[in-house]
Protein chains: 2
Amino acid sequence: MVYGCLMAVDPDHVLRTAAALLTRKSTATMDEVAKAAGISRATLHRHFAGRDALVRALESLGIAECEAALDAARLDEGTASEAVRRLVGAIEPAAGLLGFLYTENQLFEGEEQNAGWTLIDDRISALFRRGQLSGEFRIDLTPAWLTEALYGLLASGAWMVQSGKGAPKDFQHMIVELLLGGALRREES
Amino acid sequence: MVYGCLMAVDPDHVLRTAAALLTRKSTATMDEVAKAAGISRATLHRHFAGRDALVRALESLGIAECEAALDAARLDEGTASEAVRRLVGAIEPAAGLLGFLYTENQLFEGEEQNAGWTLIDDRISALFRRGQLSGEFRIDLTPAWLTEALYGLLASGAWMVQSGKGAPKDFQHMIVELLLGGALRREES
DNA sequence: ACCATATGAGACGTGAATGTCTCACGCTGG
DNA sequence: CCAGCGTGAGACATTCACGTCTCATATGGT
């Protein structure tokens with residue numbers, strides 16, 4: 001037996017690893033998560049009471065990363081289009097985790113969902129609304145739908161990159177261009 | 001007997017019910033599926049060897065409905081935009097099921113996925129490519145990405161309708177307008 | 001040197017879901 | 001009327017993941 005030379009597992013490292021794993025395989029067991037993080041299942045349970053607690057922690061991580069991206073994107077500066085572009089670029093590293101949580105949240109039928117998401121939704125919706133008020137964005141698509149669509153496109157983009165069907169370098173361009181400009185060709189004017 | 005004998009359960013009805021249930025709760029058990037269909041678990045097992053077989057059957061159903069929608073949308077007629085609009089309208093009833101299968105397929109890591117999806121992807125991609133060749137669609141977004149984005153938007157739209165955050169009557173408009181026109185306001189010309 | 005602490009390994013019990021089986025019932029067709 | 005078939009109900013074994021537990025060991029501080 002090799003008794004590792006270690007003290008104090010870094011909970012954050014465990015979370016990151018778990019996020020990366022669950023992003024690829026959302027049904028991974030606690031054992032797989034532990035192995036992926038390089039710790040034993042017992043230790044994993046010592047840091048996260050159970051699978052629920054782990055998912056909750058991942059949710060908090062996802063919310064934190066979203067808020068960090070929202071802050072970094074400075075949604076109030078410049079045109080709304082520029083802000084959206086910055087936002088997608090900043091949120092890209094968390095896109096996979098968001099996709100996992102996005103589908104995971106649909107299982108919390110009756111249970112109350114973390115209030116953090118509401119705040120995030122509101123901030124993104126506010127961005128789209130700002131674009132509408134400034135005449136930059138069309139007004140027949142509600143901010144709520146644009147927000148939801150952004151989530152969907154982020155998930156699709158992350159999935160495409162992960163499955164190897166798309167290049168990571170195209171991630172931001174693909175999403176922003178489709179979200180803002182759509183598939184139709186613009187008249188040069 | 002040639003004719004289905006008596007209280008023969010209608011497998012198609014069972015599938016539809018299962019699709020409706022799993023769309024809402026992707027982790028529903030065989031027991032829940034059976035109860036939802038109004039049959040016993042034993043009978044459910046008699047028609048579908050196991051959960052795997054059930055999911056496979058649902059996959060076939062989803063593929064069939066997609067192909068039916070593709071046929072009904074007459075993708076070769078009129079402008080590509082019109083075809084996309086018809087496609088989204090035709091595929092709307094199956095959007096929930098597609099969303100379920102979309103996330104379910106990501107679990108089939110090593111396993112081969114049904115070849116039917118490839119055919120569907122190709123037909124949709126061909127539509128977008130047609131739009132590009134005719135100068136209708138922009139060429140900096142690949143047909144593959146536009147196809148994937150369509151799936152993502154369908155899933156987002158279906159989820160929004162299901163959660164009550166959006167009206168079913170807006171489904172087609174929301175998706176088509178965003179996919180084709182994007183969020184940016186067009187110059188009146 | 002000693003002791004507290006954190007970890008790894010693994011055993012153990014529990015619960016849920018699955019898949020298989022049997023048996024009794026009711027309907028249909030002959 | 002009777003035989004056949006599909007069904008419902010339920011028992012049963014199995015698998016799997018989870019959560020808890022114990023114990024040996026290595027590390028770090030005192």
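Just so you know, these numbers use all the heavy atoms, side chains as well, and skip hydrogens, waters and symmetry mates.
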Which whole-number value in Å describes the distance from B:D52 CG to D:dC16 P?
-> 13 Å
Rounded to whole angstroms, how far apart are NZ on A:K35 and P on D:dC18?
-> 12 Å
May I ask you to decide if the ring planes of B:Y102 and A:W159 are parallel, tilted or perpendicular, using 30° and 60° as cut-offs?
-> perpendicular
Would you mind reading off the distance between A:M30 atom CE and C:dG8 atom P, rounded to a whole angstrom?
-> 14 Å
Take atom CZ of B:R51 and atom C1' of D:dC16, then tell me their distance rounded to the nearest Å.
-> 15 Å
Ion pair check, A:D12 and A:R16, cut-off under 4.0 Å = yes
Return the value, rounded to whole Å, for the distance between atom NE2 of B:H47 and atom P of C:dT18.
-> 18 Å
Earlier contact from the 5' end, DNA chain C, for A:R46 and B:T27 = A:R46
Under 4.0 Å between any heavy atoms, over every strand shown, what does A:R41 touch: base, sugar-phosphate, or nothing? Just pick one.
-> base
Ion pair A:E82/A:R74, N-O distance below 4.0 Å = no
When rounded to whole Å, the CG to P distance for the pair B:D31 and D:dG8 reads 12 Å
Counting just side-chain N and O atoms, does B:T43 come under 4.0 Å of either OP1 or OP2 of D:dT7?
-> no
Rounded to the nearest Å, what distance is computed from the NE2 atom of residue A:H45 to the C1' atom of nucleotide C:dG10?
-> 14 Å
In terms of side-chain geometry, is the basic nitrogen of B:R123 or B:D76 positioned less than 4.0 Å from the acidic oxygen of its partner?
-> no
A:F48 CZ to D:dA17 C1', in whole Å, measures 19 Å
